[in-house]
Amino acid sequence: MNALSPTSAVASRALSLPLIAAGLLLFLIIIASLLYGAGPISASEAFMVLAGSGSEEARFVVSELRLPRTIIGLVTGLALGLAGALLQSMTRNPLAEPGLLGVSAGSGFAVALAILFGASTATLTSFVAQLGALAGCALVIAATRVQGLGNDPVRLILAGATLTGLLLALTSMLMLMDQRAADEIRFWITGSIAGKPLSMLQATLPSILAALILIVIVARPLAAMALGEKAAVGLGHHPGRIRFLIVLTVALLVGSATALAGPLIFVGLVVPFIARAFAGPDIRKTLWLCVPVGPAVVLAADVVSRLIAAPAELPLGVVTALIGAPVLLAIVRAGRMPSL
Amino acid sequence: MSSLSNRFHSTLLQTLAAVAVVSVSLSQAVAETRTVESAYGPVQISGQPGRVVTLYEGALDAALAVGANAVGAVITRGGSDVAEYIKSEAGDIAIVGAPAETNIEAVIAAQPDLILAPPRINQQQVALLSRIAPVVASNVPMFQPDSWERETRLFAKAMGREAEAEKVIGQVKERISEVAQVVSAKIPAGQRDAALVRWMPQGPLVMAEGLFSASLLQAVGFELTDKDLVKEGRPHSEPLSLENLSSMDQSWVFLATLNEDGDKALDAARKSPAFARLNAVQNDQVIGVSGQLWTSATGPLAALAILDDIEAAVNAIQP
Amino acid sequence: MPDKRTTLANSSLLVLLLLAVITSLSMGTVQVPPPDVLQALMGNADPMTAFVVNELRLSRVVAGLLSGAALAMAGCLMQTLARNRLATPGIIGIDNAATAFAVASVVGVGLSLAPSAMALAGAACATAIAFGLAGANGTRGYRFIVAGIGIGAIAGAVTQVMLSRVAIDAANAAYPWTVGSLNARSGNSVLVLAIGLAAGYAILMLISRALNTLQFSDAVAIALGTRLKATRILGLALSVLLTGLAVSVCGPVGLIALLAPELARTICRPGKVPLTASALAGATFMVAADLLGRTLFSPLEIPVGIITAIVGSPYLLWILLKPSRRSLT
């Protein structure tokens, strides 16, 4: 991710195997996402479309329904995976997850508020979601710094859980005020990428690109900060400024993801966990691995959500929670907290 | 002599009139105490209750249809007042709660002589409410084609206005055959299959066959089936995947929202490419309807309103 | 040993509580002047007034009082045990699990027990699972809390899916259980709560000295003669029990467990664990919030959980963001 140097060449070699494997896996999952669905178009019919032929209906399903959905799932997974990795590295807390820390809840609350006021244009929702994510982020970070919670992961989680609980209660309040909005919010807040138009993606693309650029900028200083603040300062970085940039990046990423798919919890936890398992403690390698792993996780969950409850679909947010929480518990049970 | 007999005649007439008046009012005051079968057992009611509180939209509809004095109602699902279609009939009625939560104190404040309750009300609430006035909870199974009729008769019996109920039900039945004729005139047989759905971004909710408005559609000649997608006792299905829209290949689609203007539902649905592929959409045979009326209301007045909607929609079809 | 400041604080809170109770009994869609309220309580009023005060309002106020006190005490305990003012039993997923079970009962999934009983069962399940997963390290540290978060998340997701797939009528009926409301309580659960609260309070008074020492580091506490592990386990068990019982009455009103002890800590002498003050403050909050919810938009009711969220959020944010100077961070 940074300029070529001997160390980074070595690092890349060690990384290339997991990276290729993950990339391959992602490719397979993308194919699966195009082949499988909750409707009458079977995998073989969909395959024929990919091969160039196929019935008109099959072509419609694959190109107008599954393809946009796959793309949106890709972007969502990418955003959440990267955001989780950044947050965990910055707070030095393997449990720091945008969903658990109230960032997703903040985003969700903001969007619910917007739905209440009748907003439905893609751009507005995306902007509002990002604003909400930024607010949630800022609050949690502020809380931890003020309370001197720096090194205790538990305390950060508590602050985040409190904030999440608060925001969810407020969102419930919104649902009380307007039943029409309540109905929409009720469906939206479980998290889903079904039926989302590509125009929504267009609205979030600028933010995602900006975030990616920011990641390139902060990756190296972030890696330095893992050595300790003093060391980082010694190397010529400004931790305060870097933290601000990271918060901004996380907000952009989580905001975009929430605008696309609603609040999804646990993705930002599971993806970096997997990535770190193969990449080790270097944040840069972790970030690279999150790129294929994030979308893979989200798309895999989405495929599952289509197949489990046909002809209806289980919302994506439920599947990620049902997958993610046992992963979390397994981490706890095994007693392995990957070091940062 | 004639003045004496005149006076006698007039006195006799006055006495007869007085006796008539007294006996009529006596008969009303000492009216039969009848037993009404409610969901929580038999309820004794006498005479025509003067003030009726309704905890259920169907009950309000029935009460107003038979001319009773409805003094309390709950807000419609998804709104902040009684449903649009019944607002003018209801006038300035007191609100005593929401469908899920009755404000018992507000019921007390309305000083009811009779309380009409929905089928799903729980026992605890009924016990509390019975201390205020007799409570008749509907024991009619829901989502059957004749549910509304049986309910109207039940509530009318409670209110002592069975004759009026029969009249109103007869009115509705007449209207049904009128509209059925319009339908058969305008729409050729074989093209009358229809679907009644509510559109969510993730996909459509198919309404149950036995839903009030659905059964009315069928009564006027449309062929409606929920294709077994709706479970027993539920008003609608779960949201179908967008990939399954090909199974919604009916000629006609009636599209509703939870409570708002049907046209808004139409606009929202049109944003989905899958929607545009529906047969009905391509033939411009999608009709937006008000969700408040079509998916939430039930009762004789609602029936008349829905039938008006259907007639207007069918009449607007270009031949 | 009660000291002056604590006694003063407790007495003021008690007075406040009584005021709230009387106001709540007299206000509503049917206004009953306070003197008539007292008459009704003693049995000397006309049937309708007596009905309104004694049957409709009194049972609700009592339920609010008891559950508020229980939640506050549980919160205070948990914060002492975890040495963190943000700790509540909700952290280990009790609230979410109770909600999930209760909602399941309301919408007709699974066992057909009453929602209150199911809520209690949910709380018990969550605790058992959290304990089981936390393993030997018990109540301190990571694993317990992380396990709780996981359980809470699963329960939350399950609740969401249930709510989004049932008809809107059932979702509306289940709604009070998701935000916390005093409308759906059952007489039995209130009785059980009362018993549990009384017993819990008695036990806690007995071990209050030990609890006070928990504020210091483990080493100091042991040096002062406290049986650390026993105290911790007992404290945790009581905290969970009280919360479970309270949630089965009023649903997940989580903020009380954070706000009431915080208020108590502010007005009482620092250095002691303000159990009584917390209980009184919690009771008052609950009764007051319910009163507001009943009367603000009459005849429509706002559930008590939402009122506490609206009113409590600014205060909570302030707690989160202001630097702490107390020994209990």
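The basis for the numbers below is simple: all heavy atoms, side chains too, and nothing from hydrogens, waters or symmetry mates. Lettering follows sequence order; numbering is per chain, from 1.
Scanning all heavy atoms of the two residues, the minimum distance from C:Ile154 to A:Ala321 falls at CG1-O, 4.4 Å. Heavy atoms only, all atoms of each residue included: A:Ile265 and C:Ala153 are closest at CD1-CB, 3.9 Å.
For C:Asp290, the salt bridge (Lys or Arg N to Asp or Glu O under 4.0 Å) criterion is met by C:Arg60, not counting sequence neighbours.
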Using residues 109-116 of chain A as the side-chain source, report each donor-acceptor pair under 3.5 Å to any protein atom, sequence neighbours left out, with the distance given to one decimal.
none

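Atom CG of A:Leu168 and atom CG of C:Asn96 lie 8.5 Å apart (nearest 0.5 Å).
With a threshold of 4.5 angstrom between heavy atoms, C:Ile302 approaches chain A through its backbone and through its side chain.
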